[in-house]
Amino acid sequence: NAGVTQTPKFRVLKTGQSMTLLCAQDMNHEYMYWYRQDPGMGLRLIHYSVGEGTTAKGEVPDGYNVSRLKKQNFLLGLESAAPSQTSVYFCASSYRRGRDTEAFFGQGTRLTVV
Amino acid sequence: GQQVMQIPQYQHVQEGEDFTTYCNSSTTLSNIQWYKQRPGGHPVFLIQLVKSGEVKKQKRLTFQFGEAKKNSSLHITATQTTDVGTYFCAGPRAAGNKLTFGGGTRVLVKP
């Protein structure tokens, strides 16, 4: 099993450009998350999803949109990139309930907005 | 909203010494999870604590969940260079499994 796969791994954008980050998981997890990680700021939740067709805002949702059309995929979109969105983005997934609710993370996407 | 705070933010440890990092939540947690992120890597799950006062050990790592289920600690004995990284605690909100992470403790080991 591949686990959680993020695409792309690196990207440089110009201010105002748009892009979509793709997250795919093959563990049949109900929950999926998008986090951003900045130096000294830990992991901050952008958006999350508790199931196919549902999304919800996290701590820092402004400037981002998400979609979960299929259970295994969670897309993060930046409509008009800003330098403040330069960060490392992590996708994660987990089961909904039960003993094993730990989150599995992807390898991350390093995004630079110039 | 729920906040999860970790102290210290940085921990410089001499190889062979022990240290403890602490996690405090503003609300009661259904469970607490700990993750480790190596430099340049992604967070990897270490352990989950569910019961009030629970203590779990993984080799040199000891995890504890507070009686009130609002705080937790990670104690590492005889620190090794392989312990370098950032340790995060995370607490799911009672409604759903929205994981809120603490700011992390970055551990640097001096050989």
Side-chain angles (χ1 to χ4, degrees), chain A residues 2-7 9-10 21 23 25 27 29-51 54-61 66 68 74 87-110, chain B residues 1-11 21-27 29-51 54 56 58 63 72 85-108:
Chain A
V4 179
T5 303
Q6 290 184 230
T7 311
K9 290 184 172 48
F10 303 93
L21 281 68
C23 178
Q25 53 95 3
M27 296 172 282
H29 285 165
E30 294 90 354
Y31 283 44
M32 296 188 75
Y33 316 83
W34 276 107
Y35 292 91
R36 61 176 288 173
Q37 185 173 38
D38 304 297
M41 297 294 289
L43 293 159
R44 292 186 292 170
L45 184 63
I46 304 172
H47 286 280
Y48 66 103
S49 168
V50 300
T54 71
T55 63
K57 295 180 180 180
E59 305 167 69
V60 289
V66 288
R68 190 149 177 219
F74 196 28
S87 187
V88 179
Y89 292 85
F90 287 102
C91 174
S93 69
S94 70
Y95 285 114
R96 181 175 58 189
R97 62 170 62 92
R99 284 182 62 88
D100 302 320
T101 58
E102 70 266 27
F104 292 80
F105 282 80
Q107 299 292 324
T109 296
R110 187 173 296 274
Chain B
Q2 175 184 326
Q3 291 189 342
V4 179
M5 309 293 292
Q6 279 186 257
I7 53 171
Q9 188 175 1
Y10 296 94
Q11 182 79 53
T21 177
Y22 300 91
C23 176
N24 297 294
S25 171
S26 58
T27 60
L29 300 170
S30 57
N31 67 73
I32 190 91
Q33 299 174 11
W34 285 89
Y35 294 77
K36 178 182 178 181
Q37 183 179 24
R38 295 184 184 275
H42 60 280
V44 175
F45 174 79
L46 292 176
I47 208 160
Q48 175 174 287
L49 304 171
V50 179
K51 299 177 182 177
E54 188 172 13
K56 287 188 176 181
Q58 286 182 350
F63 303 84
S72 182
T86 301
Y87 294 82
F88 294 98
C89 63
R93 294 187 67 160
N97 197 33
K98 189 175 85 169
L99 274 177
T100 300
F101 281 78
T105 294
R106 184 177 175 186
V107 176
L108 303 171

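Residue numbers start from 1 in every chain, and the chains themselves are labelled A, B, ... in the order their sequence lines are given, proteins ahead of strands.
For the residue pair A/Y35 / A/Q37, no side-chain donor-acceptor distance below 3.5 Å is found, with atom types taken as modelled. Remark: the B/T105 side chain and the B/Q11 side chain contain no N/O donor-acceptor pair separated by less than 3.5 Å.
Residue pairs meeting the salt bridge (Lys or Arg N to Asp or Glu O under 4.0 Å) criterion with at least one partner in residues 40-51 of chain A, sequence neighbours excluded, are A/D38-A/R44.
Ranking B/P43, B/G103, B/G40, B/G41 against chain A, the residue ahead of the rest is B/P43, based on heavy-atom pairs under 4.5 Å.
Both the backbone and the side chain of A/L43 come within contact range of chain B, judged by heavy atoms closer than 4.5 Å. Neither the backbone nor the side chain of B/Q6 has a heavy atom closer than 4.5 Å to any heavy atom of chain A.
For B/V44, the side chain to side chain contact (heavy atoms under 4.5 Å, CB included) criterion is met by B/H42, not counting sequence neighbours.
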